[in-house]
Amino acid sequence: MIRLLFEKTGNAVWISHLDLMRLFQRAFQRAGLPLTHTHGFNPRPSVSIALPMSVGVESICELLDFALDGEPVPCGEIRDRLNDALVPGVRILDVYEDGSKLKNLAWLDCCLTLEYDSGVPSDAAEKLGALFSRPSLTVEKKGKSGISEQDIIPLLGRLELRQEDQNTLTLLARVHCQNPALNPMQLLSAVERYLPELAPSFCRCRRVELYDENGNVFR
Amino acid sequence: MTDRKQRLLPTVQKPARYTGGEWGEVQKEKEQVNIRVAFCFPDTYEIGMSNLGMRILYGVMNEQPDVWCERVFAPWGDMEAAMRREALPLWALESQDPVKDFDMIAFTIGYEMAYSNVLNMLDLAGVPLHASERTGLKNIVFAGGVCTFNPEPLADFVDFFSLGEGEESTVEILNVYRRAKAENWSKERFLREVANVPGMYVPSLYTPVYEPDGRLKEIVRSEGAPEVVTKRIVQNLDTAYFPTKMVVPSTEIVHDRANLEVFRGCIRGCRFCQAGFSCRPVRRKSPDVLYRQATQLLENSGNNEITLSSLSTSDYKGLRELTDALIPYCEAHKYSMSVPSLRADNFSRELMERVQAVRKSGLTFAPEAGTQRLRDVINKNLQEEEILSTCAIAFAGGWSHVKLYFMLGLPTETDEDVLGIAELVYKIIQLWKEKGVNRKRGLSIRLATAYFVPKPHTPFQWEKQITPQEYLRRCKLLKEHLYSKCVEYDYHSPDLSRLEAVFARGDRRLGPVIEEAVRSGARLDGWDEYFRYDLWLEAFAKCSVDPDFYTVRGYGEEELLPWDMMDVGVSKAFLRRERRRAYADSVTPDCRHGCAGCGANTLLKEARCDD
């Protein structure tokens with residue numbers, strides 16, 4: 001298996017996980033890089049993207065595993081050829097072999113940008129900091145078996161709040177991303193549930209970096 | 001701060017439909033171009049991006065260095081609601097600029113029930129609906145597509161219609177507009193000039209006059225307006241413009257594969273089929289040109305599937321030569337090939353087995369009528385033995401799904417014809433009991449009936465549509481005679497087909513009806529979740545227009561028809577003759593077994609028909 005590190009930004013954030021898989025399959029094809037196929041009733045090109053992301057979320061640290069048919073192609077060349085065949089917003093940052101085992105991926109740094117159209121409330125940072133320091137904080141989680149309550153505190157690592165300008169507050173958080181996973185947008189849900197007066201006009205979410213269980217950068 | 005449009009995107013379904021940015025989209029510098037065209041498809045992105053005609057003309061226009069053509073689709077209901085709430089006008093995908101900023105607004109219209117979307121899109125764009133309210137050269141609205149072979153219901157709203165194939169005529173339209181802009185013409189001058197381009201119909205140059213009983217009396221022409229507008233065709237498809245670099249959607253669309261058209265026109269002459277007559281004469285592409293275009297399409301797009309399309313792909317003369325070359329190419333590259341609309345002949349059966357070596361999808365037949373007599377009336381040259389022998393081979397080969405499509409309400413149809421459908425279904429079930437190998441899985445037959453809609457430029461263009469009550473009675477009769485549990489019968493509701501019949505043969509008095517329906521919320525009529533028959537009925541009542549006038553009344557053969565000015569190449573005398581033959585239960589052989597003299601060959605300058 002070979003691994004891609006790529007970013008998904010701009011208008012590409014609106015492409016869903018399944019559509020992104022198809023987009024990559026076609027980009028490989030256009031780049032003249034034939035993917036191996038699954039051996040099933042319906043052979044499919046084998047690409048897999050770690051940690052499927054919700055529509056609308058940006059990332060600069062996405063991973064995709066694949067394998068090529070035929071003669072080996074140098075990693076740098078794969079990167080360049082793919083970048084020439086991809087749409088704006090999807091960009092390959094690195095291509096490498098021997099990536100770490102995906103099951104060791106544990107933590108994710110993300111950045112929520114809270115936009116307040118009529119200005120960031122004066123005590124927002126303080127109140128939000130206090131909220132996420134509670135011993136327990138439950139929010140609704142929609143799953144396959146309906147709605148349940150999820151305590152987000154055990155899945156939350158370090159957290160930092162920063163006022164960027166009059167209208168924007170950023171919340172940098174480390175969240176557990178596998179077994180179990182915390183969707184970073186649940187932090188927003190917590191704000192809306194417990195501090196509705198601090199609910200922002202709009203919130204953007206960006207994945208920034210991946211880590212293993214020991215806090216080492218994951219590749 | 002995130003702008004208003006970006007803030008709406010997370011709140012709607014499938015936001016990637018609204019952002020553009022796909023592989024192969026055309027970007028230009030707006031300061032560097034002279035003419036900006038907003039090319040609108042009056043349905044959703046998934047439907048519109050599956051339309052080959054739009055893809056070809058997008059390429060044609062963008063080939064012009066000083067023209068930038070961008071795509072616009074109808075928003076889904078959730079996005080429309082958000083746009084109206086936020087007062088965000090409709091935008092084009094490439095630049096994300098509002099449609100109202102564009103020089104020209106083009107529509108391609110292939111389905112009558114998209115008329116509400118045409119008006120709704122203009123309204124969402126903030127462009128005045130009526131052609132008469134748009135006074136300058138900005139926002140010239142023009143339209144093409146099969147519906148424009150009777151464009152009258154849209155005459156109030158569209159400045160001009162482009163009839164027939166647009167590869168060449170669209171360039172000529174742009175040439176006239178370019179001069180108009182450079183010389184600062186009035187809109188009237190532009191429309192008079194564009195009316196001189198062959199194939200262009202400018203409705204404001206014609207005034208219909210009606211008899212007291214509502215029938216059309218005459219059409220008064222302005223000076224210089226052509227008496228007849230003859231549709232345009234491409235003479236040579238091998239040398240015609242065809243884009244092999246196309247936009248590749250980043251989100252799934254209805255036909256999510258490369259699409260290659262192998263020929264145009266149809267040799268068959270099924271008497272109900274508008275495309276079969278209005279797309280004549282038959283012209284084909286050479287197998288070597290098609291092979292080259294197929295490989296380029298696949299390589300440039302990265303698609304792993306290609307479809308060979310046409311009105312009846314089995315009738316493509318070079319099919320064996322093309323597939324002999326293309327199947328090995330596809331196998332070597334792990335591409336799959338699909339060949340829709342195959343007839344039940346021997347070669348097609350063989351081909352079906354070769355292209356569907358891996359996937360065993362269902363068999364689909366469209367006998368359209370239940371008895372041989374009625375199939376002869378409609379000139380559908382499909383024999384019961386062909387259906388049964390194809391089923392026998394398929395059942396023996398492991399197939400177990402059959403889809404059958406019929407129409408109810410065809411001219412001369414009796415209850416015996418309706419029950420003939422049930423008999424055919426019974427015979428297929430018996431055959432399965434004899435031949436089916438996959439007995440455990442069981443046979444599944446999906447049967448569907450549609451409500452016959454008489455269409456302009458066909459031998460049935462004068463026919464009465466049966467009443468919705470009568471249609472439903474026939475559906476019920478059929479249902480009562482289907483006994484097997486393996487048959488799933490679904491009949492389309494008559495409401496939509498009744499409206500389709502009204503607009504297909506409609507005139508200008510329907511303009512106010514469409515406008516009224518759209519004002520009260522009609523749009524996306526082709527979608528069950530949005531279709532509101534009640535809004536349309538209210539609109540007819542409010543405008544004092546009786547839908548029955550266009551449906552169950554039928555048109556007299558000597559009556560002046562709203563589409564009589566439009567010449568699709570097929571003569572009225574031929575259509576009358578075909579109608580007589582229909583009533584005499586006599587079939588007309590396909591074009592290869594004797595020319596029936598439809599007249600479409602006169603559109604060809606040098607080549608012969610079907611050469």
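Residue numbering restarts at 1 for every chain, and letters A, B, ... go by the order of the sequence lines. None of these values were measured; they are calculated from a predicted model.
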Between [options], which residue shows the highest count of heavy-atom pairs closer than 4.5 Å to chain B?
options	result
A/A85, A/S201, A/G89, A/S16	A/A85
A/L23, A/T168, A/V87	A/V87
A/T113, A/D117, A/D69	A/D117

Next item on the list: Please name the residue in the list B/Q27, B/K30, B/R36 that meets the side-chain hydrogen bond (donor to acceptor under 3.5 Å, both in side chains) test with B/S95.
Entry: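 It is B/R36; the other options fail the test.
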Using 4.0 Å as the upper bound for N to carboxylate O, is an ion pair formed by [Y] and [X]?
X	Y	result
A/K142	A/E140	no
A/E197	A/K127	yes
A/E160	A/R162	yes

Margin query: At a heavy-atom distance under 4.5 Å, which candidate from B/E299, B/M1, B/K14 has the highest pair count against chain A?
Written below: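 So the answer, after comparing B/E299, B/M1, B/K14, is B/M1.
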Item checked: Contacts of B/Q293 that satisfy side chain to side chain contact (heavy atoms under 4.5 Å, CB included) - sequence neighbours left out -> B/F242, B/T244, B/L260, B/K285, B/V289, B/L290
With a 4.5 angstrom heavy-atom cut-off, which part of [X] approaches chain A: side chain, backbone, both or neither?
X	value
B/E22	backbone
B/Q6	both
B/N300	backbone

Margin query: Considering only residues two or more places apart or on different chains, which pairs with a residue in residues 52-62 of chain A satisfy salt bridge (charged side-chain N to carboxylate O under 4.0 Å, His left out)?
Written below: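 Passing the test, one end in residues 52-62 of chain A: A/E58-A/R206, A/E62-A/R207.
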What part of [X] gets closer than 4.5 Å to chain B, counting heavy atoms only: side chain, backbone, both or neither?
X	result
A/D165	neither
A/Y116	backbone
A/L18	neither

Item checked: B/T44 and B/R17: side chain donor to acceptor below 3.5 Å ->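 No, because no side-chain N or O of B/T44 sits under 3.5 Å from a partner of the opposite role on B/R17.
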